[in-house]
Amino acid sequence: MNGTTLAVCVPGADSRTIQRAGMAADQYGLAQLWAGDPRATAPNSDDNYILPALAATAAVTTYVRLGAFLRLGPAVQAMRIAEDIAVVDAASRGRMEVGLVAPLATAQASWEQTAAALLGAYHHWPALNGEAYSVTPPLQQSWLPRVLVGGPEELAVRLGAGRAVWPGSPMTTASRIARRVSLFVEFSSGVCSALAQDPAAFVWDLRSLVDAAGAHQLIAVLSPEADMEHDFHALGSVISPGIRCAREECEQLVRDGWTWVAEKSHLHDSPYQRAPD
Amino acid sequence: MGGASVLEFGVGTWSMQSTYVHPHRHGCIYEAAAREAKFAEQAGFDSIWMAEHHASYDGYCPSPIAAAAFLLSSTTRIKVCAGVILLPLHSAHRVAEGCAAVDSISPKRLRLALAQGYRARDFETEGKSLSDRKSLWTAAVESLLGELAPRAGTTELWAGARADVAVKRAAHYGLPLQMSGAGSIDQLRHTLALYRSEFRRRPGGPPSKALLMKDVWVERDQKKIDWVKRCLTESWLPFSDAFLKNTAGHWLPGVDRASANARHDGASFLASEAIVGSPAEVIDGLGPYMSMGADGIVFRVKFDGMISESICPCLELLSADVLPALRRAA
């Protein structure tokens, strides 16, 4: 068994879809929702867009952690973004995380300064009058969890960040032990489509990818047009148990979970009234 | 009456502060704000109002659009208004993107009262000077009304202003006006009249709209009334400096600015302008303000120290006893 958690990301989704994804992730027991685009190319991925989207999502979710992939472009107002993060963290009672999307190597030096200033803003922000302030409200958690997407290992070390990587990315053993590793897996045709042919084999391959990366978190990358209801159900009832369970029970558990999702929808709604959270 | 045909009644100001008066974790403050917003919506108010400052020890809300997004998704119908958003401290692009995010989930429910700001620290943390606020405000407004208007979507853009020159500017751009209630009734009449006359000079366009914000509290128990008045004075203490220093263009009459007690005297004066009492007393007290011709009132009931247990009964009395009388009188 391993403790790999399951997160979901929907690059390009508008805020309404982000919110719905958050509710579905909460409903199906997923660990985290990531808003924005780890490749920094999709629409609706501006830093100033996704943080209000996550604030709206905080209002309608309870447990799912809320992550923002931040580009920190040249025109970004770092203190404003840090404040947005603090407000979402307060509104979500400490569920906020950030993913820092590193630019190309030629732009990394100035980007790193911005990223470092943002991460440090909760303790020290120099002002025009020579005083130093800090962003308020204070974070509700003692440390803002962060991962670096792209960029060299040394950059992640300097920013105190874990890594979010695509399959096949080289990772040193030291990185895996010291900090969190998240692994992106793309479901471009949807989760149910990926599982339909041979769910057990598919999940077994996912486990191999997770093991090879030493990943603590699997980030399922979905399309904004994904079937939110069925895909999230499959993530919660098939993928999530399948990557966490003992190896010897994986095949049967995945087949049972897939049958539950795909063929037993008549049993999904309990006739008992659901207790309020 | 004013330019609009239906009076609007809102409540404010949710600033998300954890002060020395009422220290509390911000997670609880935001949760309470959502609860109070739902209550205000159920009580029938048209809008709830928030505010903005930066690098305040008490966590004064620095991100009005993100906070508004949270309250909008906590409610279903009521408008959520940033009154004000300190526009010189946000790029127009940032504001437009935030509006777009909100618009996708809660269209036609976000309102931003765009103000210039007055507190030096707000500007210093952004590496800007207070002296740049007019040019920054103007440039951002022109972008938001121009090339960024499609991205801002259905967000209502208003102006938050007190000084004559800022009020004229608001009218020049055709923006509805959120008026602070601080100041004598003659001053407020002057501000409203100035706004309307400047607005009329613009060809065509929608009619002007102006809302007045006023400190109000409705309560029948005299002990509670006395307590609320003391809390209101305490809540004005950190801000009375701004009025004493004339950054907003208005001096407090009768307050000796050189006195060691100037801050307390200023806070007492500002608190004394509140309309506090039984429903009948509040209706009487609001009479002169209603007859000014504003298009509605934002009742500032959410000030420091006022938590759900005190605010919700006040909102109930406002909704059940005061608003019907005000609507009949109008």
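Below, read A as the first sequence line, B as the second, and so on, with proteins coming before strands; counting in each chain starts at 1.
- Of residues 34-48 of chain A, those residues lying under 4.5 Å from chain B by any heavy-atom pair are Asn44(A), Asp46(A), Asn48(A).
- A 6.0 Å sphere centred on NE2 of His22(B) holds more than 12 heavy atoms belonging to other residues, nucleotides or ligands.
- Interface remark: of the candidates Gln17(B), His93(B), Met16(B), His93(B) forms the most heavy-atom pairs closer than 4.5 Å to chain A.
- Considering only heavy-atom pairs separated by less than 4.5 Å from chain A, the leading option among Ala34(B), Gly27(B), Ser104(B), Gly59(B) is Ser104(B).
- Side-chain atoms of Val87(A) and Pro62(B), non-hydrogen and from C-beta on, do get closer than 4.5 Å to each other.
- Residues of residues 102-124 of chain A having a heavy atom under 4.5 Å from any heavy atom of chain B: none.
- Scanning residues 64-76 of chain B against chain A with a 4.5 Å heavy-atom cutoff picks out Ile65(B), Ala66(B), Ala67(B), Ala69(B), Phe70(B), Ser73(B), Ser74(B), ordered by number.
- Ranking Pro126(A), Pro52(A), Ala56(A), Ala127(A) against chain B, the residue ahead of the rest is Ala56(A), based on heavy-atom pairs under 4.5 Å.
- Side chain of Thr136(A) to backbone of Tyr57(B): no donor-acceptor contact under 3.5 angstrom is found.
- Heavy atoms of other residues, nucleotides or ligands lying less than 6.0 angstrom from CZ of Arg121(B) number more than 12.
- If you tally non-hydrogen atom pairs under 4.5 Å between each of Glu31(B), Glu97(B), Arg25(B), Arg94(B) and chain A, the highest count goes to Arg94(B).
- Of the atoms belonging to Tyr133(A), it is side-chain heavy atoms, and not backbone ones, that fall under 4.5 Å from chain B.
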List the atom pairs, donor and acceptor, that lie under 3.5 Å between side-chain atoms in residues 73-82 of chain A and the rest of the protein, sequence neighbours left out.
| unit_1 | atom_1 | unit_2 | atom_2 | d |
| --- | --- | --- | --- | --- |
| Gln77(A) | OE1 | Ser91(B) | N | 2.9 |
| Gln77(A) | NE2 | Leu89(B) | O | 3.0 |
| Gln77(A) | NE2 | Glu126(B) | OE2 | 2.9 |
| Arg80(A) | NE | Glu83(A) | OE1 | 2.7 |
| Arg80(A) | NH1 | Leu89(B) | O | 3.0 |
| Arg80(A) | NH1 | Glu126(B) | OE1 | 2.9 |
| Arg80(A) | NH2 | Glu83(A) | OE1 | 3.2 |
| Arg80(A) | NH2 | Glu83(A) | OE2 | 3.4 |
| Arg80(A) | NH2 | His54(B) | ND1 | 3.0 |

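- Only the side chain of Gln19(A) has a heavy atom closer than 4.5 Å to any heavy atom of chain B.
- Heavy atoms closer than 4.5 Å to chain B are found in the side chain of Val60(A), but not in its backbone.
- Interface check for chain A: of the options Ala96(B), Cys99(B), Ser56(B), Ser129(B), the most heavy-atom pairs under 4.5 Å are formed by Ser56(B).
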